[in-house]
Protein chains: 4
Amino acid sequence: MSSKKFSRNKQEKIDLIYNTFFNLILKRGYHNVSTNHIAKSAKISIGTIYKYFPKGKEDIIRKYFEDSMETMLNSEELISINSNNIRDFLNQFILELFKNHEEKKGYNLAFRSAIQSDKALYESHKEKIFNFFKDRAQKLRKANKNFNEIPEERLIEAFIFLYNLINAILYHHLSVMELFDADDKLVEYLTNLVVFSLKFLLKP
Amino acid sequence: MSSKKFSRNKQEKIDLIYNTFFNLILKRGYHNVSTNHIAKSAKISIGTIYKYFPKGKEDIIRKYFEDSMETMLNSEELISINSNNIRDFLNQFILELFKNHEEKKGYNLAFRSAIQSDKALYESHKEKIFNFFKDRAQKLRKANKNFNEIPEERLIEAFIFLYNLINAILYHHLSVMELFDADDKLVEYLTNLVVFSLKFLLKP
Amino acid sequence: MSSKKFSRNKQEKIDLIYNTFFNLILKRGYHNVSTNHIAKSAKISIGTIYKYFPKGKEDIIRKYFEDSMETMLNSEELISINSNNIRDFLNQFILELFKNHEEKKGYNLAFRSAIQSDKALYESHKEKIFNFFKDRAQKLRKANKNFNEIPEERLIEAFIFLYNLINAILYHHLSVMELFDADDKLVEYLTNLVVFSLKFLLKP
Amino acid sequence: MSSKKFSRNKQEKIDLIYNTFFNLILKRGYHNVSTNHIAKSAKISIGTIYKYFPKGKEDIIRKYFEDSMETMLNSEELISINSNNIRDFLNQFILELFKNHEEKKGYNLAFRSAIQSDKALYESHKEKIFNFFKDRAQKLRKANKNFNEIPEERLIEAFIFLYNLINAILYHHLSVMELFDADDKLVEYLTNLVVFSLKFLLKP
DNA sequence: AATGAATGAGAATTCATTCAT
DNA sequence: TATGAATGAATTCTCATTCAT
């Protein structure tokens with residue numbers, strides 16, 4: 001029975017803005033969605049958007065991904081993987097990305113669009129990815145003799161490349177997802193792809 | 001004679017517009033380049049651009065890719081591949097894409113940007129790709145018993161998927177190209193990737 | 001008792017708003033300070049500002065100057081000057097303005113800015129000044145034969161002109177204040193300036 | 001009989017913008033005039049304003065005063081004054097400012113408003129004034145023994161101060177111009193004021 | 001055929017003000 | 001009384017497109 005206009009629940013409004021924005025992006029493309037569109041579509045005033053996201057569109061994307069990236073990379077599931085078992089790690093990681101994909105297709109497409117015109121967002125995202133895989137690479141090299149011979153930098157680069165490859169497959173809008181009749185099959189394909197690629201990339 | 005000189009000037013102007021546009025896109029991103037920017041940068045008038053491309057930016061991209069796609073997919077090199085030898089075909093095709101990539105990075109990035117906000121361009125591009133691979137699939141199935149068991153649709157979809165995958169690797173701006181110290185290595189990786197993937201995708 | 005404490009809080013809040021506003025104006029200029037800025041900077045709510053100053057910025061300035069002008073023009077120091085001694089009066093008046101200037105630079109700059117875009121404020125200020133000098137002029141003419149020959153209107157106008165001139169020197173932001181190494185020198189200059197000007201303006 | 005819409009006369013349009021803007025400022029105050037007001041009032045499109053003045057209001061003022069300042073300070077009349085005669089110079093200079101004032105009251109008020117919120121404009125204006133008087137001061141010191149004893153810097157500062165003082169009198173909106181029934185009288189007053197002030201400021 | 005001045009819809013953003021809590 | 005979320009008109013500025021010359 002609480003009035004919509006004076007809802008004291010900030011998070012509700014912020015989520016409304018997120019959802020509206022990402023839905024609009026899915027329908028019309030990032031660059032064809034304006035802050036005014038968001039306001040109209042969400043039935044809130046333009047001022048409200050700028051209250052929560054003072055720099056407009058960029059801010060919405062940035063803040064959303066700062067949160068969601070943090071959450072994803074620091075999720076229980078990823079943290080708790082026994083890092084010296086690389087198969088487990090890869091499989092778990094792909095599953096994690098895949099779960100993300102299912103529920104966040106709109107958000108991720110938005111993100112891919114946004115980093116194309118926002119260098120700062122792109123750099124910060126790159127750094128986060130790098131640090132995440134640096135940590136993984138270091139643990140792997142400590143725990144597993146096979147990886148000792150591969151330079152740390154190369155290992156990190158390989159991980160990042162494959163991370164991007166998986167994302168490209170999951171989110172690239174030219175993909176023909178219908179190829180994989182079941183999710184299992186897609187995950188299986190991706191895992192095989194990664195294992196095969198890693199071998200290729202890391203051989204001396 | 002006068003007409004020849006004339007049409008020569010015309011083509012020069014069109015090429016100038018193409019080059020200027022794609023260079024600007026590389027520097028500033030598709031959505032940050034306006035028709036006025038192109039005119040200023042190319043030192044021609046905005047009116048001239050609208051003479052040759054009455055619908056502006058969209059038209060430039062669309063016409064460019066109509067031409068270049070036509071040229072690429074119908075190139076001597078691809079047409080002359082003996083289509084019943086699938087290995088040759090794949091290797092040749094990847095090399096062709098790779099050559100393209102080297103010299104046309106700007107154009108392709110532009111294209112990727114453009115189709116994100118232009119549904120018509122996207123659909124027409126999809127159709128062209130589909131028709132190209134439909135033709136290839138039909139020839140393959142005629143010439144090669146192994147492919148008879150695979151439904152035509154599925155074969156086409158697999159080809160399209162892999163075509164997109166290769167492009168994603170070549171053009172995705174998050175890629176870590178430094179991984180592949182030599183072009184040979186990248187082409188080798190891509191070929192292996194495609195062969196491996198085809199096996200996976202086409203097994204019953 | 002509670003009411004006393006209450007009104008004390010009220011005055012404190014009003015003073016807080018005054019101080020915050022004028023400090024912000026000094027830093028950023030009148031037109032770049034918003035009511036929301038004041039609220040944030042003073043750490044009170046925007047609602048509180050509108051409680052005490054229902055018309056916002058204009059009201060703050062207007063009310064402040066209504067008070068301070070009243071106080072200044074009716075100050076003990078000015079009232080008690082023996083008005084038939086014009087030298088004393090002028091010197092005292094300049095000193096009064098100067099004291100004001102030292103401690104209220106921000107307020108005065110704010111005021112100068114404000115009256116540029118608020119005609120009502122400007123008119124009311126003009127009227128107050130006029131009435132003040134009308135009173136002085138009348139007293140002077142009664143007490144001092146020399147002034148009898150000068151029309152009352154002209155005397156008032158001369159006073160107002162010189163009042164504005166002094167203020168212009170004190171507050172005009174293009175002034176080169178470093179010229180006057182000591183305050184004494186500036187006051188001396190101003191007094192001479194006024195005496196000289198009065199002679200010029202009042203000669204028949 | 002030339003069409004208004006496609007007038008090839010840039011300067012006409014630029015002058016129209018200048019005149020419209022400065023007239024509006026006189027009526028409503030600098031901060032209450034928007035670029036849209038100017039466009040509507042001048043019956044041109046907002047785009048036209050931004051074609052000639054890409055940074056909007058600031059640019060209009062800046063460009064106008066860059067031109068007019070240049071013109072004024074380099075005018076035949078000022079340049080040709082025999083600089084070693086200080087009386088002549090002062091009188092001529094005041095007359096020049098006064099002529100300016102008569103025809104450009106609106107422009108000057110606009111300028112005074114504008115520099116309050118545009119630091120760059122303010123600095124560039126200050127520099128121009130400084131350089132102008134530096135040149136005058138150097139010539140005076142060369143030609144006239146009396147000025148040798150006064151440090152160059154001090155001489156410049158005094159000139160600048162007096163220049164500002166005159167402008168304040170001419171343009172300050174609180175001034176009571178009616179005091180001076182004839183222009184001659186005002187110029188006479190200003191000259192006396194400046195001579196008197198210079199003596200005071202330059203005495204050792 | 002070529003030019004570029006002119007247009008105006010629409011995007012991003014600010015800010016005085018209101019009012020439910 | 002005090003709060004601050006919410007509003008939306010108004011502002012600055014951009015850009016695709018037109019059309020007289």
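Order of the sequence lines sets the chain letters (A, B, ...), proteins ahead of strands, with each chain counted from 1.
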5' precedence on DNA chain F between B:K57 and A:G47 (nearest-nucleotide basis): A:G47
Starting from [atom2] on [N], measure out to [atom1] on [X] and report it in whole angstrom.
X: B:I17; N: E:dT3; atom1: CD1; atom2: P; value: 10 Å
X: D:D59; N: F:dC13; atom1: CG; atom2: P; value: 9 Å
X: C:I38; N: E:dT17; atom1: CD1; atom2: C1'; value: 13 Å
X: A:K40; N: F:dG8; atom1: NZ; atom2: C1'; value: 12 Å
X: A:I49; N: E:dT14; atom1: CD1; atom2: P; value: 14 Å
X: A:N32; N: F:dC15; atom1: CG; atom2: C1'; value: 14 Å
X: A:K43; N: F:dA6; atom1: NZ; atom2: C1'; value: 17 Å
X: A:I46; N: F:dA5; atom1: CD1; atom2: C1'; value: 15 Å

Under 4.0 Å from OP1 or OP2 of [N]: is there any side-chain N or O of [X] that close?
X: D:S45; N: E:dG8; value: no
X: A:Y52; N: F:dA6; value: yes
X: D:H31; N: F:dT11; value: no
X: A:S34; N: E:dA12; value: yes
X: A:T48; N: F:dT7; value: yes
X: A:K13; N: F:dA6; value: yes
X: A:K55; N: E:dT13; value: no
X: C:K51; N: F:dT1; value: yes

Test side chain to side chain contact (heavy atoms under 4.5 Å, CB included) applied to B:S34 - qualifying residues, sequence neighbours left out: B:N36, B:H37
Partners of A:K63 by side chain to side chain contact (heavy atoms under 4.5 Å, CB included), sequence neighbours excluded? A:Y18, A:F53, A:P54, A:D59
Candidates F:dT11, F:dT3, F:dA16 - which lies nearest the side chain of D:H37: F:dT11
Base-pair string, DNA chain F, Watson-Crick plus G-U, cut-off 3.5 Å on both distances, | for inter-strand, is .||||||||||||||||||||
A:K10 side chain to A:Y52 main-chain N or O, any donor-acceptor pair under 3.5 Å? no
Minimum heavy-atom separation for B:V33 to B:K57, with atom names? O-NZ, 2.9 Å
Is it the case that F:dA10 (base atoms only) and D:N36 (side chain only) share a donor and an acceptor within less than 3.5 Å, ignoring hydrogens and angles? no
Regarding E:dA1, can its base be found pairing with the side chain of B:N9 as donor and acceptor, where the two atoms are less than 3.5 Å apart? no
Which pairs of donor and acceptor atoms, one on a side chain in residues 38-49 of chain A, lie under 3.5 Å apart (sequence neighbours left out)?
unit_1	atom_1	unit_2	atom_2	d
A:S45	OG	A:G47	N	3.3
A:S45	OG	A:T48	N	3.3
A:S45	OG	A:T48	OG1	3.2

Of all residues at least two apart in sequence or in a different chain, which pass the ring-ring contact (aromatic ring centres under 6.0 Å, His included) check with A:F21? none
Hey, are the side chains of A:I61 and A:F22 touching, using non-hydrogen atoms and a 4.5 Å cut-off? yes
Spatial distance of atom OG1 (D:T20) from atom CD1 (D:I25) [nearest 0.5 Å]: 11.0 Å
